[in-house]
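These numbers come from the heavy atoms of this one structure, side chains and all, not from hydrogens, waters or symmetry mates. Throughout, protein chains are lettered first and strands after them, A, B, ... in sequence-line order, and every chain is numbered starting at 1.
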Protein chains: 2
Amino acid sequence: MKDNNDMPGHLARRFQQIAVAVFHAEVEGAGFDLTPVQYAALAAVSTNPGIDQITLAGLIAYDRTTITGVVDRLAQKGLLERRASSRDRRARELQITEEGQKTLEAVSPAVETAQELLVRGLTGDEQRELMRLLRKAIAAGNELSRAPLREISTEGSRNG
Amino acid sequence: MKDNNDMPGHLARRFQQIAVAVFHAEVEGAGFDLTPVQYAALAAVSTNPGIDQITLAGLIAYDRTTITGVVDRLAQKGLLERRASSRDRRARELQITEEGQKTLEAVSPAVETAQELLVRGLTGDEQRELMRLLRKAIAAGNELSRAPLREISTEGSRNG
DNA sequence: TACTGATGATCAGTATACTGATTAATTATC
DNA sequence: GATAATTAATCAGTATACTGATCATCAGTA
């Protein structure tokens, strides 16, 4: 009899489910109203000011139709600004606002704590090994999802 | 600089994203219209005929409000039957239909293939280790989500 | 029987994720 | 410079997941 616990797909869903729950608990406990997805988008825009939505989506592996709603909500909260690009009138350039930057910095400890809680059942060695294996499996399957991770073209950045 | 790849929460989301994509590709390729969530529910009802929705939700770790819609769609496809329980008129007893059973058996090879594809980037040892670590992390975090996994009370079943 | 609390199911509302289509603008080609 | 192909963004629609509320029923108690 095939148990759910023998199916990596089930474990994937369950692990992600817990990850979201832990994130929400920590971030709300710290007094913020940010989802994991919104946090990742906000952080990516902070690191890459002026980025367009497609590139942002590739950076954090979101679907292009998902990013529209995420940016909508971040803009509505006053954490992001979306303005038309001057170089390409189809594109929107994203900038983090001052409030967005403050929020990002203030919420970061809670996000860190959530990451630790998610793997708190494992030893340090196990945590590192889990992450290595996830990274390896994800790398092999990257192109299989509609929202693969895309490297940003590293012109002018040296932190590779 | 904290990379996304150092955050287990990000890896969790990404791994689950790929799991769903691979599942859809395989199952649709085999000519079926079933989501991962619907497949798990169908399989659980097949193994536990007459189960109520809350117990089903606990078995596969779905939220109680999610299971309503999932069962709706499975019933609409003619794969499940939902009838009022005689013992408890609040509850719905779920039964798999003949077509549901046929579908379940016919789709299983595609589901198996999807599970293998999801971890195809890893060696056999790594696959087993990844699953062990996921199970361990999930067990430690089980109660943190609104939809924890619940053991079924094993009266009359010996496959524990 | 009336009351209280708990439980199974559902509903309204919100936020990811996706499919597939559309719109507007850019790039490539002739 | 007109045309075709591509691209950035959005939209409509569907399916998870969740929060919080409600309704009906059940169990326990006075």
Side-chain angles (χ1 to χ4, degrees), chain A residues 9 12-14 16-25 27-28 33-41 51-58 60-77 82-94 144-148 150, chain B residues 9 12-14 16-25 27-28 33-41 51-58 60-77 82-94 144-148 150:
Chain A
R13 190 184 124 282
R14 193 83 191 86
Q16 147 77 353
Q17 196 175 36
I18 293 169
V20 172
V22 169
F23 186 99
H24 272 133
V27 167
E28 275 174 29
D33 172 30
L34 262 193
T35 67
V37 159
Q38 289 167 14
Y39 170 80
I51 195 175
D52 66 289
Q53 295 186 187
I54 292 280
T55 310
L56 171 60
I60 50 187
Y62 290 9
D63 190 84
R64 67 182 193 281
T65 59
T66 300
I67 208 76
T68 298
V70 173
V71 168
D72 271 352
R73 287 181 280 277
L74 285 172
Q76 200 167 4
K77 291 177 187 174
R82 172 163 45 180
R83 41 177 102 116
S85 166
S86 51
R87 284 178 301 180
D88 185 339
R89 299 221 311 277
R90 292 169 302 182
R92 308 269 184 275
E93 282 179 0
L94 303 176
L144 301 177
S145 83
R146 171 164 139 166
R150 298 285 181 221
Chain B
R13 190 184 125 280
R14 193 84 190 85
Q16 145 78 352
Q17 196 175 37
I18 292 169
V20 172
V22 169
F23 186 100
H24 272 133
V27 167
E28 275 174 29
D33 173 30
L34 263 192
T35 67
V37 159
Q38 289 166 13
Y39 169 81
I51 195 175
D52 65 287
Q53 296 186 186
I54 292 280
T55 310
L56 170 62
I60 50 187
Y62 290 8
D63 190 84
R64 67 183 192 278
T65 59
T66 301
I67 208 75
T68 298
V70 173
V71 168
D72 271 353
R73 287 180 281 276
L74 286 170
Q76 200 167 5
K77 290 177 188 174
R82 173 164 46 180
R83 39 178 104 115
S85 165
S86 51
R87 284 177 302 180
D88 185 338
R89 299 221 312 277
R90 291 168 303 183
R92 306 271 184 274
E93 282 180 0
L94 303 176
L144 301 177
S145 84
R146 170 162 141 168
R150 297 286 181 217

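Between A/Arg13 atom CZ and D/dT16 atom P there is a gap of 10 Å when expressed in whole angstrom units. Between the C1' atom of D/dA9 and the CD1 atom of A/Ile67 lies a distance of 12 Å, rounded to the nearest Å. Rounded to whole Å, the distance from CG on B/Asp33 to P on C/dT19 is 13 Å. Atom CG in A/Asp88 sits about 10 Å away from atom C1' in D/dA9, given to the nearest Å. Atom P of nucleotide C/dT10 and atom CZ of B/Arg89 are separated by 15 Å, given to the nearest angstrom. Between the CD1 atom of A/Ile54 and the C1' atom of C/dT27 there is a distance of 16 Å, rounded to whole Å. Counting to the nearest Å, the P atom of C/dT26 and the CZ atom of A/Arg87 are 12 Å from each other. Here C/dA15 presents its P atom at 7 Å from CD of A/Gln38, a figure rounded to the nearest Å.
Checked by distance alone, B/Arg90 brings a side-chain donor or acceptor within 3.5 Å of a matching partner on the base of C/dT7.
At the heavy-atom level, B/Asp63 lies under 4.0 Å from base atoms of the strands shown.
When side chains are defined from C-beta on, A/Val27 does not count as touching A/Tyr39, because their heavy atoms never get closer than 4.5 Å. Within the 4.5 Å cutoff, no side-chain heavy atoms of A/Pro148 are placed close to those of B/Gln17.
In a base pair of the Watson-Crick type (N1 to N3 plus N6-O4 or O6-N4) or a G-U wobble (N1-O2 and O6-N3), with each distance short of 3.5 Å, D/dG20 is matched with C/dC11.
Considering only side-chain atoms of B/Ala91, the nucleotide from C/dG8, D/dA8, D/dA17 that sits closest is C/dG8. Comparing atom distances between the A/Gln17 side chain and each of C/dA25, C/dC18, D/dC18 picks out D/dC18 as nearest. The side chain of B/Arg146 lies closest to D/dC18 when the candidates are D/dA15, C/dG20, D/dC18. Looking at the side chain of B/Thr68, the nearest of the listed nucleotides C/dA25, C/dA9, D/dT16 is C/dA9. When the nucleotides D/dA8, D/dC18, C/dG8 are ranked by their closest atom to the side chain of A/Asp52, D/dA8 comes out on top.
Side-chain contact, B/Thr55 with B/Asp52: a donor N or O sits under 3.5 Å from an acceptor N or O. In the model, A/Arg13 has no side-chain atom that pairs as donor or acceptor with a side-chain atom of A/Gln16 under 3.5 Å.
Shortest non-hydrogen contact noted between A/Ile60 and A/Ala41 is CD1-CA, 3.7 Å.
A/Gln53 contributes no side-chain N or O that, together with a main-chain N or O of A/Val71, makes up a donor-acceptor pair within less than 3.5 Å.
Under 4.0 angstrom from either OP1 or OP2 of C/dA17 there lies no side-chain N or O belonging to B/Gln16. Taking only side-chain nitrogens and oxygens, A/Thr66 never comes nearer than 4.0 Å to OP1 or OP2 of C/dT16. At C/dA9, none of the side-chain N or O atoms of B/Arg82 fall inside 4.0 Å of OP1 or OP2 (strictly under the cut-off).
The residue among A/Thr65 and A/Ala21 whose nearest nucleotide of DNA chain D is located toward the 5' end is A/Thr65. Where B/Gly69 and B/Arg64 meet DNA chain D, the nucleotide closest to each residue was compared, and B/Gly69 sits on the side nearer the 5' end.
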